[in-house]
Amino acid sequence: MIVPVSAWLIGFGLPMVAYGLFLLWMWKFY
Amino acid sequence: MNSMIWTILASFIVYIIIGFRSMQEAKKSAGSYLIAERKVPWFIASVSDRASSMSGWWTLGVVGQCSTTGLGTVWSGWGCVLTPILNWTLFAKRIRALGEKYNVLTFSELLVARTGAKTPTLRIVSAISIIMFTTAYMSSQLVAEGKVLAEVLGVGIAPAVAISGALILVYTYTGGYMGVAKANTIQGILMMITLVVVPFYAMVAGGGWDKIMGNAASLNPVIFDWTGGGNLGQQILTIVGMFAICLPAWGQPHIMTRMLSIAEANRRYVRRAVTVASAMDVIATYCAFMMGAVALGYFGVLPDPENAIYYLVDEFMGPVIGGLMMCGVIAAIMSTAAAMTLIVSGEIVNSLYFEWIKKGTGVSEERKVLLNKLCLIPIMAIAVWMGSSGGSAWDLVIYAYNGMGSAFTPVIFACVIWKGLTKEGAIASIITGTVMTVVWDKLQLTAAIFPDYVVPSSFNVIPCILIATICMVIVSKITKTPDNAEEDMKLMRAARID
């Protein structure tokens, strides 16, 4: 595999999930 | 002339037309010229905010850094995402409410009003440091744009810098803040198109994901390492240093002054603005990384990885599409320089001349607008002169960005969330932050503290801001809190929940 799983999970997935949660919070509760 | 030059010229003509179209509105008053009478709609406010914040650093600097530091660089992008998030959720409503109450047009006036300063010391210290740092920053942007234009037009760096300055001057002079904001919006969109199209188009045309990324991974073992590589200490310093790039952003007057200009501060406006602005940063973060990785995978190690975008455009795109992509690079640079020009003019003419030297004398709004406009000419001339020698001005950008951040980030946070801020505390923070930035860099203190590690230069701002904050708090604690502090805090808290 060229791109390791950790790169997908932590370098991309984790911050995207955090960002998605922020947007959800903002549109629901801000 | 070839098609690429025509495409770039067409984009310049669009900016100039936008400037002239905003001319009637801009000449009504100093308020309309400098902050568009607080009537900027959400889309223009959010996109222009990001366009002027990103500068050439995203299309050149981050791309180059990604091809060497690898995926670890994306933490600087995520740090930058925090900027619009806090700008819009914390600062926007508070700064707008405060600005409207005191009818202020500039960053220095905002600080003076909030701290209730009666003597001119804070006004002078704040305005002078903004003028110095912002002019140096502007000059570095002109150099970056000049280098691109010199390549495209085949002229020397000095005339290219002068052309860049003249173009920016035309639409800033005529259109004022609204003209600049609208041009910045177009430039922001162009910049995003460039950042998205170039890496993906080049990857497909260059042989596909497996081939390009396989090459990149074999040439740079840390290209897909989210920690940036090295031992645990190195990884922590890389990630913290990359995140720290966001800290000076809140101290940049050309970003924070935008909050004075927004049309509304209700939930609907803020939600839309923060979504668009933060999404631009997220997309730019990963596209810049992709661009660096694709350039590495296709060309191998470039002599100057910061020029990756030029190599990719030259290799894969024809003159018209390539010209459009180069417009995106130039747009990123122009948007920052134009926004800064107005800030310097506002500080000189409004903060220093009308609100201090000529305070109390009746001056017509037309005269104020005219002086603001005329002031742009010597400012631009100085920036062009500083940048005409070429690369040297780039050195100034570190002092300008980190210096302004260290000086003003603690003050602007205290301004909106801490009742105890005094004018003496603000002055202490501005002076300490400025001096610390220069001293820390000259003495290479980060390298002295961490001799075995490679620490990103953005890390330096952490101790500088920390020390400036400590000075601000200590001095504010031992001096008298302004009488208007309680009332201002109530106003800002109420503005938060409309």
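Remember, it's a predicted structure, so these values are computed and weren't measured experimentally. Here is the naming used below: chain letters follow the sequence lines, and residue numbers restart at 1 for every chain.
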Part of [X] within contact of chain A (heavy atom distance under 4.5 Å):
X	result
B:Ser278	both
B:Phe289	neither
B:Ala216	neither

So which residue, B:Trp75, B:Trp209, B:Trp226, ends up with the most heavy-atom pairs under 4.5 Å with chain A? B:Trp226
For chain A, find which of B:Thr227, B:Asp225, B:Asp210, B:Thr285 contributes the most heavy-atom pairs closer than 4.5 angstrom. B:Asp210
How long is the span from the [atom1] atom in [X] to the [atom2] atom in [Y], to the nearest 0.5 Å?
X	Y	atom1	atom2	answer
B:Arg271	A:Lys28	CZ	NZ	10.0 Å
A:Trp27	B:Arg272	CH2	CZ	6.0 Å
A:Tyr19	B:Ile85	OH	CD1	6.5 Å

Got B:Trp78 and A:Met16 here, is their nearest side-chain heavy-atom distance under 4.5 Å? yes
A:Phe22 and B:Leu82, any side-chain heavy atoms less than 4.5 Å apart: no
With chain B, which of A:Ala7, A:Gly11, A:Pro15 has the greatest number of heavy-atom pairs at distances under 4.5 Å? A:Pro15
A:Phe12 versus chain B, the contacting section by heavy-atom distance below 4.5 Å: both
Under 4.5 Å heavy-atom distance to chain B, tell me which part of A:Leu23 shows up: side chain, backbone, both or neither. side chain
